[in-house]
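Predicted, not measured: the structure shown is a model, and the values here were computed from it. In each ligand, atom 1 is the first atom listed, and ligand 1 is the first ligand listed. Heads up: numbering here begins at 1 and tracks the sequence.
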Amino acid sequence: MPADSPGLPEVEELQVSEAQIAVHWKEESFYYPPPSFIGQANASDPAIRDRFTEDKFPQCFKEYADLLTWDEYWHTTLDTSNPPFWRWFVGGRLNASFNCVDRHLRTRPNQAALVWVPELEDEETVVITYRELYRRVNETAAMLRDFCGLKTGDRVTLHMPMVPELPIVMLACARLGVIHSQVFAGFSGAACGGRISDSQSRVLITMDGYYRSGTLLDHKEKADEAVERALAEGQVVDKVVVYRRHPGEYASKTPMVEGRDFFADEVMADHRGKLVDPVSLPAEAPLFIMYSSGTTGRPKGCQHSIGGYLAYVTGTSKYYQDIHPEDTYWCAADIGWITGHSYIVYGPLSLGTTSVMFEGVPTYPDPGRPWRIAERLGVNIFHTAPTTIRMLRKVGPTEPKKYDYHFKHMTTVGEPIEPDVWRWYYEVVGKGEAVIVDTWWQTENGGFLCSTLPGLDGMKPGSAGPGVLGIYPVIYDENGEEVSQGSGRAGNICIRNPWPGIFQTIWGDPDRFVQTYYEKYNKDPKSTDWRDWPYFANDGATQSADGYFRILGRVDDVINVAGHRLGTKELESASVLVEEVAEAAAVPVIDELRGRAVEMYISVKPGADSSDVEEKVAKAIETEIGKVARPKNVWIVPDMPKTRSGKIMRRVIAGISNYTDVGDITTLANPEVVEEIRAHVHSVKEARGEVPKALTEKEAEEIRAFGQAE
Ligand code: PRX
């Protein structure tokens, strides 16, 4: 916010409240990795840290690059001539598909690369060895090239659920240098269509259906909506390739469109046994685009490179996930998110391990399911998000005890984890035998930014830990002053240096890339010294005296629902598509299971019939974004609380939704409306039994600070 804006007092207020946060925090005690883990860890010698100190930057990342097989070795580690468009491993050439598949054929052709567990428990688990993966990736690459007409540099949109064909198609794209853009299957057809047009894809790869909680969902209907939306935005899709969940049967009610839609199993018949040479590509060529939410309504296509990204996820998978080829590693994220790209597909397969994929809902048919999978497959590394841990604890607090599995290592990612939830994860899920890493990072980052080294560092519940190898984080206040370690104050966490996994740009919008991530703390726009270009992560954090970072959450207009990033502007733009809606504002509510949930506040146009607006708004959000974004409540209000300059005061309505202090309302243009809204919202919540528990000090501060980034 500019210093001369009418909202200045709010910034001061924010700083005061930030300063108060940590005062109320109790420091948690440390837990230490068990000797059995340390004995086998990839990083067990503290000297590893000396290899990544700042004086060794950027050459330290040679160690990660050397985990890959290069067709041509690179000559320049980091080119900073056009900041902040960093170029890593310049001069190098490689292929990501070769690195994740072909190079393991000599050493472990018959080892399982992917183990796919369908949701229905009586359906067979599918094991795909590296040899079989090689065959299928080649055949699929032939199909993409010869049938779809895709070539190096083209973009293709995937809207695939958690089936083995998803990583196979990704690796087939990577083989050709075709840039894949996988959209989370839970997102709507409209959301997929917007991403198709933004990335200018003319081919969509999708599936007819998939299982969620025992039901075979119709997914193909979303493809029709997606193609229609893309066309409305000017992008023609000429081929839709539809995988079938049960080959030979069609799970969707929507007809196949003649000449546009093709069943993958039928088309693939023409490509059996074909081999496609991996295309040797420059290290800085793009590997994929992954869309993510931000402050404006339009999702950002984060573009990731081949060389830098693959080196970074391989290195962090080795040292932070502690992956050895002989491990059985299960990351229970969805490949539709960055976690799945980096830590189900690219990192683990590059290291030649066995990566488990699960199709469905972890609590289906009962909360023992994940532990049965772990027991049956011998999973020894487990990776999930706090929202899943909270859910499993709620519905099956003692389930893990019933199963004979043993994890050496567990990960949490995606949201801050409450120390209490962390302890259940450690003691009950991990049976006190497993080390935990709390990994903080983002879609934009490619791989982990803060975490403990699992064999070397103590674990502190609720804290991610220090910067990972080669990452030098810092906390700045609003004025760019460093917030010192142990000061008890919060601020904006930034990374002082570039790293190989950082995204290259926002697809088609380099100005937004610079503005969102670098402008705020850039010291000199003309400088080609990386030290002048700290990366602004848009997260608040504190750093304790021991150097560990504790992440507080987003400082921009993003609500983190069950680990999914939802932009308030996206939710609001979807809501105003409803004809009767005049204005819409999205706020977070603290939710016991999902971390945060969304509530919408809506004012209707004068004279409009508001009787079914609540359902229409919820539906509009589902249609535009997806079911994941469905608001917990939609409140129709007579007027939004506004400043005299007409700005909606989200902090006030967020305070009402969360039963916490609404702050000073004397500067509002319409203070009288606050009481009216509160009375309505609270009476409905009370009638529905939705009154939240008293917020913790940290949660209350977050709600008070909400909406002040504008
Ligand atoms: O607010 C942080 C939170 O999730 C955001 C990134 O979301 P996304 O791009 O979807 O990537 C999620 C998986 C990498 C961050 O800005 N976040 C992520 N990991 C953590 C976290 N918050 C606290 N602790 C974490 N470990």
Show which atoms of ligand 1 fall inside a sub-4.0 Å distance from at least one heavy-atom site of [X].
X      : value
Asp438 : 24 (N), 25 (C), 26 (N)
Asn560 : 3 (C), 4 (O)
Arg565 : 6 (C), 7 (O), 8 (P), 9 (O), 10 (O)
Thr443 : 8 (P), 9 (O), 10 (O), 11 (O)
Ile551 : 22 (N), 23 (C)

Winner among [options] once heavy atoms are compared against [atom]:
atom                    : options                        : answer
atom 14 (C) of ligand 1 : Trp441, Phe448, Trp440         : Trp441
atom 4 (O) of ligand 1  : Gly414, Ala541, Ser451         : Gly414
atom 21 (C) of ligand 1 : Arg550, Glu415, Glu444, His564 : Glu415

**Message:** To the closest 0.5 Å, what do you measure between CH2 (Trp499) and CD1 (Ile471)?
**Reply:**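 One finds 5.5 Å between CH2 of Trp499 and CD1 of Ile471.
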**Prompt:** Among Glu624, Glu622, Glu599, whose salt bridge (charged side-chain N to carboxylate O under 4.0 Å, His left out) with Arg630 holds?
**Reply:**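 Option passing the salt bridge (charged side-chain N to carboxylate O under 4.0 Å, His left out) with Arg630: Glu622.
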**Prompt:** Just distances here: any N/O of Thr439 and N/O of ligand 1 closer than 3.5 Å?
**Reply:**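 Between Thr439 and ligand 1 (N or O atoms, distance only) the closest approach is under 3.5 Å.
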**Message:** Is it the case that ligand 1 has an N or O less than 3.5 angstrom from some N or O of Asp539?
**Reply:**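 Between Asp539 and ligand 1, an N or O pair is found under 3.5 Å apart.
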**Prompt:** In terms of residue, atom name and distance, what is the protein heavy atom nearest to atom 13 (C) of ligand 1?
**Reply:**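 Sorting protein heavy atoms by distance from atom 13 (C) of ligand 1 puts Thr339 OG1, 3.5 Å first.
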Can [X] and [Y] be counted as an ion pair, charged N to O under 4.0 angstrom?
X      : Y      : result
Lys460 : Glu28  : no
Asp457 : Arg49  : yes
Glu415 : Arg390 : yes

**Message:** I'd like to know if the side chain of Thr568 pairs up with that of Arg650 as donor and acceptor (distance under 3.5 Å, no hydrogens or angles considered).
**Reply:**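 There is no such pair between these side chains.
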**Neighbour count above 12 (heavy atom, 6.0 Å) for Lys394 NZ** =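 At most 12 heavy atoms, drawn from other residues, nucleotides or ligands, come within 6.0 Å of this atom.
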**Message:** I'd like to know whether CE of Met410 has more than 12 heavy-atom contacts from other residues, nucleotides or ligands below 6.0 angstrom.
**Reply:**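 Counting neighbours around CE of Met410, more than 12 heavy atoms of other residues, nucleotides or ligands fall under 6.0 Å, so yes.
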